[in-house]
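Notes follow the structure.
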There are 2 protein chains.
Amino acid sequence: MEICKFCSKRSAAAEHLGNDELEKLGGSCVEVNFKKGDIIFKQKALSSNILYVREGLVKIHMTGPEREQILKIAKGPSYLGIPTTLGDKVNNYSATAITDTKVCFIDINVFKEFIATNKEFAYEIIVNLCKNELSHFQRCVNQLQKQSPGRIAETLLFFADEIFGSDVFDLPLSRHEFGDITGNSRENVSRILSDLDKEGIVKIKGKNISIVDKNKLLSISKNG
Amino acid sequence: MEICKFCSKRSAAAEHLGNDELEKLGGSCVEVNFKKGDIIFKQKALSSNILYVREGLVKIHMTGPEREQILKIAKGPSYLGIPTTLGDKVNNYSATAITDTKVCFIDINVFKEFIATNKEFAYEIIVNLCKNELSHFQRCVNQLQKQSPGRIAETLLFFADEIFGSDVFDLPLSRHEFGDITGNSRENVSRILSDLDKEGIVKIKGKNISIVDKNKLLSISKNG
DNA sequence: TCCGGAATGTGATTTATATCACATTCCTTT
DNA sequence: AAAGGAATGTGATATAAATCACATTCCGGA
């Protein structure tokens with residue numbers, strides 16, 4: 001019951017909940033651990049709970065007409081897949097842990113009740129949905145228009161700046177998955193990464209990436 | 001004051017408003033006419049009102065790194081750009097009328113007030129945002145993975161089924177704009193459309209399109 | 001520690017699509 | 001009706017990126 005009351009990673013929306021509400025949330029909320037590679041929910045399955053990633057990285061991906069597409073990387077703490085839970089009975093996409101992950105499963109009726117009874121909570125959820133849509137639009141246009149090196153540079157910068165907050169990190173994806181997120185074949189990912197390495201823009205040692213010349217990488221992300 | 005009370009094209013959300021609320025909405029709402037080609041709002045401008053398309057077709061488009069990208073076609077009656085109004089101070093994209101259009105400009109504070117005080121209204125807005133995001137995800141993956149003929153076939157079917165409800169229609173876009181929505185060069189659009197014509201799948205007379213063999217068009221949309 | 005399968009790197013080839021170049025048609029304006 | 005500019009069609013060429021083919025490296029389990 002007290003799990004949410006004393007949670008240090010509450011969402012902006014949950015910050016508007018009172019003590020009674022937090023206890024209610026705690027009572028209808030289960031935390032589950034997932035290991036790297038575990039499926040959290042699957043496309044086409046019934047969507048049943050509101051999910052909240054407390055810790056870890058999750059890829060949101062769907063089966064497209066040609067291959068698997070990673071739509072986004074969610075980093076805890078953040079809600080996971082509200083649109084597919086509230087917008088359809090069935091999941092429109094899958095979520096898979098790409099690091100060890102702690103996920104809270106929240107009863108959808110309790111969540112809906114908070115939307116109905118707590119206006120700040122509801123508004124915060126709306127703003128959250130809006131911001132997600134905006135960033136998704138942006139990402140979509142970039143993916144559609146940039147060519148391969150630009151998309152790969154953009155994604156490297158995304159991991160450095162948004163996910164790890166460091167220019168040195170271990171990529172939590174295989175080359176194949178990195179292709180799924182940047183819309184490239186596995187081979188092309190390898191080629192472009194080793195080109196970037198040869199030009200001294202990044203240093204690649206397997207999954208370990210160090211950004212050496214960030215300005216050049218930014219310029220590739222923007223212009224090519 | 002009575003404009004919303006007796007409006008025949010209210011949104012699902014507004015159907016949950018009471019008479020008092022509808023009068024309030026009417027008092028803070030202005031209907032504006034736009035002609036084909038008129039800009040309704042512009043990327044980078046301050047986002048100030050909630051917009052509702054009563055009648056007409058609107059393209060939502062943004063300037064990408066390489067060219068203009070049409071993100072979606074909104075058909076009245078529907079809200080327009082809630083994410084960019086609530087999610088950012090500044091518009092992340094532009095909206096331009098592609099037919100003559102009637103748009104209601106709703107005071108954002110009145111809109112927020114309804115979210116706060118009318119739970120059905122708020123929930124309806126949330127569901128609306130969720131559904132939009134889902135369909136956008138779907139569209140994005142299709143655009144990313146299908147090749148040109150598939151994207152063009154898909155978009156023709158979209159206009160026939162979602163916009164006009166008829167297999168014969170006048171495309172309200174130039175070949176160039178049709179390229180912006182399908183991610184093709186103007187020349188490629190011409191080529192693929194005339195290929196489809198030669199194969200007897202659609203009949204093209206300038207902007208007038210007749211779908212002749214819908215099954216074949218569906219199969220092109222799905223498989224390539 | 002060795003084995004075997006998975007993941008990765010890299011060259012050669014093919015293919016889809018953009019770009020270039022130009023002809024033609026369609027509108028608008030006078 | 002004529003003229004001029006915009007929109008469109010179509011062939012030739014260039015190019016980015018997928019695919020194919022194979023070598024190499026990595027890694028987990030016996």
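Chain letters run A, B, ... following the sequence lines, proteins first and then strands; every chain starts at 1. Everything numeric in this text was worked out from a predicted model, so none of it was measured.
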Polar atoms only, N or O, under 3.5 Å: list the protein pairs with nucleotides 3-7 of chain C and their distances.
none

inquiry  = What is the distance, to the nearest angstrom, from the CD atom on A:E66 to the C1' atom on C:dA16?
reply    = 12 Å

key: Pairs flagged by ring pair (Phe, Tyr, Trp, His ring centres under 6.0 Å) wherever residues 35-62 of chain B is involved - sequence neighbours left out   = B:Y52-B:Y79

task = Indicate yes or no: does B:E154 engage B:R151 in a salt bridge with an N to O separation below 4.0 Å.
result = no

query = To the nearest Å, how far apart are B:H176 NE2 and C:dT25 P?
reply = 23 Å

query = Rounded to the Å, how far apart are B:R67 CZ and C:dT17 P?
reply = 12 Å

ask   = Rounded to the Å, how far apart are A:Q143 CD and D:dA16 C1'?
value = 16 Å

query = How close or far is atom C1' of D:dT10 from atom CG of B:L196, stated in whole angstroms?
reply = 16 Å

request  = Kindly point out which of D:dA18, C:dT10, C:dA18 is positioned nearest to the side chain of B:S185?
outcome  = C:dA18

ask   = In whole Å, what is the span from the CG atom of B:L193 to the P atom of D:dT8?
value = 10 Å

query = Using a cut-off of less than 4.0 Å, is there contact between a side-chain N or O of B:N188 and OP1 or OP2 of C:dT17?
reply = no

ask   = Relative to each other, are the rings of B:F178 and B:F159 parallel, tilted or perpendicular (30° and 60° limits)?
value = tilted

request  = Output all residues satisfying side-chain hydrogen bond (donor to acceptor under 3.5 Å, both in side chains) with B:D38, sequence neighbours left out; order by chain, then residue number.
outcome  = none

query = Whole Å only: how far is the CG atom of A:D195 from the P atom of C:dG9?
reply = 12 Å

note = Rounded to whole Å, the NZ-C1' distance (A:K205 to D:dT25) equals 16 Å

task = Just jot down the side-chain hydrogen bond (donor to acceptor under 3.5 Å, both in side chains) partners of B:S221, sequence neighbours excluded, or say none.
result = B:K146

task = Nearest-nucleotide wise, let me know which of B:K198 and A:G183 is further upstream toward the 5' end of DNA chain D.
result = B:K198

message = Suppose we screen for side chain to side chain contact (heavy atoms under 4.5 Å, CB included). Which residues come up paired with A:S190, at least two apart in sequence or across chains?
response = A:R175

inquiry  = Run the side chain to side chain contact (heavy atoms under 4.5 Å, CB included) test against B:K216 and tell me which residues pass, sequence neighbours left out.
reply    = B:I201, B:D213

note = the helix from C:dT1-D:dA30 to C:dT30-D:dA1: angle between terminal helix axes, five bp per end, to the nearest 10 degrees, reads 50°

key: Results of side chain to side chain contact (heavy atoms under 4.5 Å, CB included) for A:S210 - residues two or more places apart only   = A:V168, A:K203, A:N208

ask   = Taking only residues two or more places apart in sequence, or in another chain, which ones meet B:S174 in a side chain to side chain contact (heavy atoms under 4.5 Å, CB included)?
value = B:H176, B:E177, B:K207

task = Tell me which residues in residues 146-156 of chain B put a heavy atom below 4.0 Å from DNA chain C, sorted by number, or none.
result = B:Q147, B:S148, B:P149

note = Across all chains, not counting sequence neighbours, the side-chain hydrogen bond (donor to acceptor under 3.5 Å, both in side chains) partners of B:N91 are none

note = Across all chains, not counting sequence neighbours, the side-chain hydrogen bond (donor to acceptor under 3.5 Å, both in side chains) partners of B:E124 are B:H16

